[in-house]
There are 2 protein chains.
Amino acid sequence: MITKTEFQIEKAAPIFKVLGDKTRLTMMKLMENQTCCVCEFVEIFQMSQPSISQHLRKLRDAGLIKEERKGQWVFYSLHQESEWHALIESILEQLPSQEDKLIELEKNGTRITCC
Amino acid sequence: MITKTEFQIEKAAPIFKVLGDKTRLTMMKLMENQTCCVCEFVEIFQMSQPSISQHLRKLRDAGLIKEERKGQWVFYSLHQESEWHALIESILEQLPSQEDKLIELEKNGTRITCC
DNA sequence: TAACCATATAACAATATACTTATATATTCA
DNA sequence: TGAATATATAAGTATATTGTTATATGGTTA
C-alpha cells in the first residue's frame, strides 16, 4: 500500500533533482525577483540557446516556472501558484543574489535587445 | 574572475542534487529526529546493502551526515555542524514525516537486531 | 510572401548515476 | 584463531543527464 507520505516524498525528490544543477539553480535565483527572457539567460551563461531552452523546459515541466510569450520573445518567471512555491521561496532566500550577473551584462554592453 | 556569489551557488547545487533522490531524501527525513543504523535502512528500503552504503556515502561526502561506529554497527545522523545545516533543516521541516516506515518495521517483526 | 529573429525540438555523443554481484575490511564472539 | 555479522568498496551494466549541432516552429517586418 502506498501511503500519503510516501507519495509526497516521491514527488519532492524530483524537485530537488531539478534544482541540483548550477545553471538551473542560478536561473531560479534570478527569477526570484524578476521575469527573464531566454536570450538573457543565453548571454549570462554563455551557453548554447538549445541548452538554455532545455534547462528551462525541465524547470517548467517540474511546475516551478511559467512562460509568457510576448511577440517573438518568451519570458519566464517563478510559478507562484505551484504547490512547491513556499518551499522554493524558502530555499532561494538562503542563496546569494545573482543580480551581479545582470549588471555584468549592462557593463559589457551585451545587454539584450528584447528587454 | 570568480566572484563569491558564483562560488556559493556552485557549491549549493550539488547539495540539491544529492537530495534529489527519493531514497536519500527519505533517509535525510528519517535522520531529522533520530540516528539510524545502516541495517535499518536496508530493511526500510528493501534494497541491497551496497546500494544503501553508496547512498549514505554520497550524503556523507556532501557533508550532510556524519557516521559513528558502535561495535560492528555504523550509525548515521545529520551533521549539525555542517554549513548547510540551517538550509537542510528548513527543507526537512517542510517534508512529511517518514516515521511510519520505522513503525512498519516493528509491526512486521522485522525490527533490527542492532537497535 | 520572403527573409529574419527568437525559441523549441530532434538526434546524437560524452559523461554521470544508480543499481547489481563479488569481494574486502572491521568487529564480535565462540 | 576462526566463523559469523555488519559495512564498505570494486567492477560492471543499464539508464539518465547534459551538452552539442542541425532543424523545425512561430512571430515580425520589409
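Letters go in sequence order (proteins before strands), and every chain restarts at 1.
- Residues meeting the side-chain contact (heavy atoms from CB on, under 4.5 Å) test with B:Gln72, sequence neighbours left out: none.
- For A:Asp61 and D:dA16, the CG to C1' distance is 15 Å, given to the nearest whole Å.
- In this view, B:Arg69 and B:Val74 satisfy the side-chain contact (heavy atoms from CB on, under 4.5 Å) rule, not counting sequence neighbours.
- Applying the side chain to side chain donor-acceptor pair (under 3.5 Å) definition to pairs two or more places apart or across chains, those involving residues 16-27 of chain A are A:Arg24-A:His55.
- Of the side-chain N and O atoms in A:Arg69, none sit less than 4.0 angstrom from OP1 or OP2 of D:dG26.
- Nucleotides of DNA chain D nearest to B:Arg60 and A:Lys70 differ in position, and the one nearer the 5' end is that of B:Arg60.
- As rounded to whole Å, 17 Å separates atom P of D:dA4 from atom CH2 of B:Trp73.
- To the nearest angstrom, P of D:dA6 lies 16 Å from CZ of B:Phe41.
- The nearest whole Å value for the distance from the CG atom in A:Leu19 to the P atom in D:dT17 is 14 Å.
- In this entry the distance linking CZ of B:Phe75 with P of D:dA8 reads 12 Å, nearest Å.
- Nucleotide C:dT27 holds its C1' atom 15 Å from the CD atom of B:Glu67, rounded to whole Å.
- Regarding contacts with the backbone of D:dA8, a side-chain N or O of B:Tyr76 is found under 4.0 angstrom from either OP1 or OP2.
- Under the salt bridge (Lys or Arg N to Asp or Glu O under 4.0 Å) criterion, A:Lys66 pairs with no residue, sequence neighbours left out.
- Rounded to whole angstrom, the span from the CD1 atom of A:Ile52 across to the P atom of D:dT21 amounts to 14 Å.
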Note to self: Using the rule given for side-chain contact (heavy atoms from CB on, under 4.5 Å), can you reason through B:Glu32 versus B:Glu93, listing the C-alpha separation, both sets of side-chain angles and the distance that settles it, and then say yes or no?
What the structure shows: CA-CA 9 Å; B:Glu32 186 186 25; B:Glu93 76 185 7; 4.3 Å; yes

Next item on the list: Using a 4.0 Å heavy-atom cut-off, write out nucleotides 16-22 of chain C from 5' to 3' as B (base contacted by protein), S (sugar-phosphate only) or - (no contact).
Entry: -SSBBBB

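- No donor-acceptor contact under 3.5 angstrom links the side chains of A:His85 and A:Glu81, judged on distance only.
- Residues passing the salt bridge (Lys or Arg N to Asp or Glu O under 4.0 Å) test with B:Glu99, sequence neighbours excluded: none.
- As rounded to whole Å, 6 Å separates atom C1' of D:dA6 from atom CD of B:Gln72.
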